[in-house]
Amino acid sequence: QVQVVESGGGLVQAGGSLRLSCAASGLTFSTKSMAWFRRTPGKEREFVAGITQSGGSTYYADSVKGRFTISRVNAENTVYLQMNSLKPEDTAVFYCAAGARDYYPRVLTDVHEYAYWGQGTQVTVSS
């Protein structure tokens, strides 16, 4: 069975940093694009950052560009999201997702392009 598990969320002051981790199993991790999405109450799940299967290409939402960095270690079936200079508006449940396609060369931002999802990890940024 496929499992996607996020960790690393918590409470941090504005300007601080957190590093989220996502461990995947039961799928061929190295062939899939991976991405982070986030959701706040009453809002749709939105794309945050994505990375292609080899790590050769990354893409970020404008709201996090320059502050967040996505990376992956395929040998460990793990993807990370380093979040720096956090703002209160970053507060959300962050979800890790694995793409539905194999060896796709571009990062996709639509939630429907991702087949496997974790349960989410809460990030709260205080002012």
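Here the structure is a predicted model, which is why all the values come from computation and not from measurement.
For Arg39, the side-chain hydrogen bond (donor to acceptor under 3.5 Å, both in side chains) partners are Tyr95, not counting sequence neighbours. Residues satisfying the side-chain hydrogen bond (donor to acceptor under 3.5 Å, both in side chains) criterion with Gln3, sequence neighbours excluded, are absent altogether. Contacts of Ser126 classified as side-chain hydrogen bond (donor to acceptor under 3.5 Å, both in side chains), with partners at least two apart in sequence or in another chain: none. Partners of Thr58 according to the side chain to side chain contact (heavy atoms under 4.5 Å, CB included) rule, which considers only residues two or more places apart in sequence or in another chain, are Ile51, Tyr60, Ile70. Residues passing the ring pair (Phe, Tyr, Trp, His ring centres under 6.0 Å) test with Phe37 are Phe47, Tyr114, Trp117, sequence neighbours excluded.
A salt bridge (charged side-chain N to carboxylate O under 4.0 Å, His left out) check over residues 47-67, counting only residues at least two apart or in different chains, returns the pairs Asp62-Lys65, Arg67-Asp90. Within the structure, salt bridge (charged side-chain N to carboxylate O under 4.0 Å, His left out) contacts touching residues 9-23 (residues at least two apart or in different chains) do not occur. Pairs of residues two or more places apart, or lying in two chains, that qualify as disulfide bond (SG atoms under 2.5 Å apart) and include a residue from residues 16-127 are Cys22-Cys96. Within the structure, disulfide bond (SG atoms under 2.5 Å apart) contacts touching residues 97-127 (residues at least two apart or in different chains) do not occur. Sorted by first then second residue, the salt bridge (charged side-chain N to carboxylate O under 4.0 Å, His left out) pairs that include residues 96-115, not counting sequence neighbours, are Lys32-Asp102, Arg101-Glu113. Sorted by first and then second residue, the salt bridge (charged side-chain N to carboxylate O under 4.0 Å, His left out) pairs involving residues 68-84 (not counting sequence neighbours) form an empty list.
Within the 4.5 Å cutoff, the side chain of Thr40 has no heavy atoms near those of the Thr91 side chain. Taking 4.5 Å as the limit, every side-chain heavy atom of Thr52 sits out of range of all side-chain heavy atoms of Tyr104.
Surrounding OH of Tyr59 are at most 12 heavy atoms belonging to other residues, nucleotides or ligands under 6.0 Å away. Few gaps surround CD on Glu46; more than 12 heavy atoms of other groups in view lie less than 6.0 Å from it.
For the pair Thr124 (side chain) and Leu11 (backbone), a donor-acceptor distance under 3.5 Å is absent. A distance-only check finds a donor-acceptor pair linking the side chain of Glu6 to the backbone of Gln119 [under 3.5 Å].
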Atom pairs and distances, donor-acceptor, side-chain atoms in residues 80-89, under 3.5 Å, two or more places apart:
from, atom 1, to, atom 2, distance (Å)
Gln82, NE2, Asn84, OD1, 3.0
Asn84, OD1, Ser17, OG, 2.8

